[in-house]
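Structure first, then comments.
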Amino acid sequence: MIKMVTDYLDETEKTFTDKIAFVDEKRNVTFSQVKQEAEKVAMALIDRNIIKKPVAIYLGKTIECIHSLIGVGYSGNFFSILDTKMPYMRIEKIMGTLEPEIIITDQAHWDEAKKFSGKRQVLVYEKLMETQVNSSRLKTVRNRIVDTDIFFVLFTSGSTGNPKGVVITHRAVIAYVEWGRETLNIDSETIFGNQAPFYFILSGFEIYHTLRSGCTTYIIPEKLFSFPIQLLKYVKRHKINTIYWVPSVFCLVANFKALPEVHLDDLRMIMFGGEVMPMKQLNMWRREYPNVQFIHSYGQTEMTEYSTYYILDREFEDTEVLPIGMPCEHMDIFVLNEHDQLVNGAEIGELCGRGPSLSSGYYNNPKETAKAFTQNPLNPNYQEVIYRSGDLVRYNENGELIYVSRKDSQIKYKGNRIELGEIESAVSALEGVERNCCLYDGKKLVCFM
């Protein structure tokens with residue numbers, strides 16, 4: 001029975017032992033190597049008697065980061081990935097909320113990690129690889145874990161200036177992965193080209209499906225996303241057939257007229273999400289790849305990324321709005337009006353959701369949890385928690401959901417979910433700033449002081 005995300009690796013490694021699982025700029029690793037290194041990370045934590053505790057991972061976008069998060073899962077703990085390019089002020093706020101038991105980094109980031117580690121122990125990845133694995137002790141830990149235990153905490157923006165840590169369980173990830181495998185036909189022939197940072201929820205799609213189905217994931221060098229033609233050449237050279245990028249990347253490639261320069265012969269599926277996809281640039285891609293399946297994903301971290309999806313099945317004018325589609329089969333999505341009743345017709349309301357991929361709330365933040373995770377007003381008979389997304393949507397004439405706007409001041413910018421209030425709070429802390437206002441016009445952020 002699959003009850004931990006790491007169970008996927010245990011099963012897949014038996015079938016695809018020597019197959020390449022992940023590739024980055026420095027090396028590639030087989031499923032056997034992934035398991036070996038992840039178990040060493042796990043044993044280092046188990047040897048220190050750390051169980052069901054938060055572990056901060058301060059590593060770059062590398063294979064070692066993937067091994068570390070898997071290893072934390074094996075150890076029965078849960079992880080949060082800290083962006084190595086993140087300002088120290090934000091890191092300190094996350095550390096204050098998370099209060100991690102330990103920090104995992106590498107030699108390259110040791111000095112930086114020590115600046116914010118306080119009295120916490122900092123483990124160096126290279127040293128962890130000297131750990132001896134005890135399979136019996138690993139099994140004992142596994143037997144203590146249930147699928148509702150936390151797998152990771154992902155920090156998003158917060159309107160008060162404090163990042164909110166979204167709690168995601170093993171069960172939530174498993175439900176999400178199983179849905180994706182069945183609905184999107186992910187299999188061992190799938191070759192991903194990863195774009196999203198590992199601290200961003202989108203990257204989990206590639207990582208966990210690789211563990212589940214024996215896929216191969218190429219971690220595309222970040223610098224290539226500034227050079228569209230070189231980016232496409234990389235995808236073509238490695239025969240990548242499935243890409244899941246934020247719309248801003250697709251727009252960059254289309255606007256720089258790179259599409260006619262390099263044709264991706266192996267491409268079979270294009271997914272995008274995290275922000276609004278402009279129809280004009282999407283049509284450029286669709287004209288270049290008429291036989292490729294295009295999928296619009298929509299969702300929040302609080303619902304483990306996917307809550308609705310739309311498989312493009314018709315043509316759209318450049319001026320039309322792309323639907324966010326229909327609910328994923330593992331989630332119940334419904335729209336409530338201001339009276340907490342189901343909307344009628346094209347009435348605009350708040351998108352809400354329930355199901356196995358629902359987050360367990362915000363870590364160490366009961367006040368914000370109580371605001372967003374509430375009793376289902378449609379069910380007065382027993383406790384049933386739903387998530388109120390804050391997104392306003394409506395149904396079109398085809399019964400598809402259309403995104404309209406936000407209830408609050410939260411925006412999506414370059415794939416990142418940002419609270420304008422958090423920016424204003426940070427700016428207010430600067431010397432000489434008495435008042436400020438942050439605005440977003442759909443293309444750029446502007447702060448007035």
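If you read the sequence from its start, that first residue is 1, and numbering goes on from there. Computation of the quantities below employed the complete heavy-atom set of this structure, encompassing side-chain atoms and omitting hydrogens, waters and symmetry-equivalent molecules.
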May I ask you to test the V173-F152 pair for a side-chain heavy-atom distance under 4.5 Å? yes
Between E37 and R27, does at least one N-O distance fall below 4.0 Å, as a salt bridge requires? yes
In this structure, are over 12 heavy atoms from other groups packed under 6.0 Å from E329 atom CD? yes
Between R142 and D7, does any NZ, NE, NH1 or NH2 come within less than 4.0 Å of an OD or OE carboxylate oxygen? yes
Do you know the tightest heavy-atom contact between R90 and F155? NH2-O, 3.8 Å
Short question: side chain of H296, backbone of P323 - any donor-acceptor pair under 3.5 Å? yes
List the steps and the verdict of salt bridge (charged side-chain N to carboxylate O under 4.0 Å, His left out) for R394 and E347. CA-CA 6 Å; R394 64 174 176 83; E347 181 185 4; over 6 Å; no
Hey, what's the ring geometry for Y88 with F116, parallel, tilted or perpendicular (30° and 60° as the breaks)? tilted
Working to the nearest 0.5 Å, report the span between CD1 of I311 and OG1 of T183. 7.5 Å
Does a donor on one side chain and an acceptor on the other come within less than 3.5 Å for Q293 and N185? no
Could you tell me whether a side-chain N or O of T12 sits under 3.5 Å from a main-chain N or O of L9, the two making a donor and an acceptor? no
Using only atom types and a distance under 3.5 Å, with no angle test, would you say the side chain of N241 pairs donor to acceptor with the backbone of E189? yes
Students often mix this up, so state it plainly: with edges at 30° and 60°, are the rings of W285 and W245 parallel, tilted or perpendicular? perpendicular
Could you tell me if T190 and R268 have a donor-acceptor pair between their side chains, going purely by distance under 3.5 Å? yes
Is the number of heavy atoms from other residues, nucleotides or ligands under 6.0 Å of K236 NZ greater than 12? yes
Hey, is the main chain of F192 close enough, under 3.5 Å, to the side chain of T242 for a donor-acceptor pair? no
Taking D149 for its side chain and V146 for its backbone only, find out whether a donor-acceptor pair lies under 3.5 Å. yes
Return yes when atom CD of E320 has more than 12 non-hydrogen atoms of other residues, nucleotides or ligands closer than 6.0 Å, and no otherwise. yes
Are the charged groups of E368 and K371 less than 4.0 angstrom apart, N to O? yes
C215 backbone acceptor or donor facing S213 side chain under 3.5 Å: no
Mind checking the OH-CD1 spacing from Y125 to I57? Nearest 0.5 Å is all I need. 10.5 Å
Side chains of E288 and H263 in contact at under 4.5 Å (non-hydrogen atoms): yes
Test: K280 and D318 ion pair at under 4.0 Å: no
Is there a donor-acceptor pair closer than 3.5 Å between any side-chain N or O of S80 and the backbone N or O of V153? yes
Can you spot which of F205, Y298, W179, F272 makes a ring pair (Phe, Tyr, Trp, His ring centres under 6.0 Å) with Y309? W179
Checking side-chain hydrogen bond (donor to acceptor under 3.5 Å, both in side chains) for the pair T210/T217: CA distance, chi angles, key distance, verdict? CA-CA 7 Å; T210 294; T217 291; 2.6 Å; yes
So Y244 and Y306, would you call those rings parallel, tilted or perpendicular, with 30° and 60° as cut-offs? tilted
Nearest-0.5 Å distance that lies between atom CD in Q230 and atom CD1 in I220: 13.0 Å
Student check: side-chain heavy atoms of E305 and M303 closer than 4.5 Å: no
Can you see which heavy atom on A196 is nearest to which on N194, and at what distance? O-ND2, 3.3 Å
Determine whether more than 12 heavy atoms belonging to other residues, nucleotides or ligands lie under 6.0 Å from atom CZ of F256. no
Side chains of L211 and I70 in contact at under 4.5 Å (non-hydrogen atoms): yes
Check this for me: E182, atom CD, are more than 12 non-hydrogen atoms of other residues, nucleotides or ligands nearer than 6.0 Å? no
How close do V166 and E302 get, heavy atom to heavy atom, and via which atoms? CG1-CA, 3.8 Å
When you measure from the side chain of Q281 to the backbone N and O of F250, does any donor-acceptor pair fall under 3.5 Å? no
Under 3.5 Å donor-acceptor, K19 side chain and S188 backbone: yes
Where the side chain of E275 meets the backbone of S248, is there a donor-acceptor pair that is under 3.5 Å apart? yes
Using side-chain heavy atoms (C-beta onward) and a distance below 4.5 Å, is T97 in contact with N162? no
Is the closest side-chain donor-acceptor distance between Y310 and D313 under 3.5 Å? yes
Do E261 and K233 meet the salt-bridge criterion of a basic N to acidic O distance under 4.0 Å? no
Taking all heavy atoms of P377 and all of R388, pick out the closest pair and write down the distance. CG-NH2, 3.7 Å
Approximate separation, where rounding is to 0.5 Å, of I240 CD1 and L232 CG: 10.5 Å
Please determine whether a side-chain nitrogen of the Lys or Arg among E384 and R354 lies less than 4.0 Å from a carboxylate oxygen of the Asp or Glu. yes
Could you tell me which non-hydrogen atom of G299 sits nearest to which non-hydrogen atom of S307, and how far apart they are? CA-OG, 3.4 Å
NE2 of H238 to OG1 of T216, rounded to nearest 0.5 Å, is 12.0 Å
Positive for ring pair (Phe, Tyr, Trp, His ring centres under 6.0 Å) with H170, one of F151, F78, Y8: F151
Looking only at non-hydrogen atoms, find the nearest pair between M86 and I94 and report the distance. SD-CD1, 3.8 Å
Quick one: does NZ or CZ of K164 land under 6.0 Å from the six-membered ring centre of Y362, within 45 degrees of the ring axis? yes
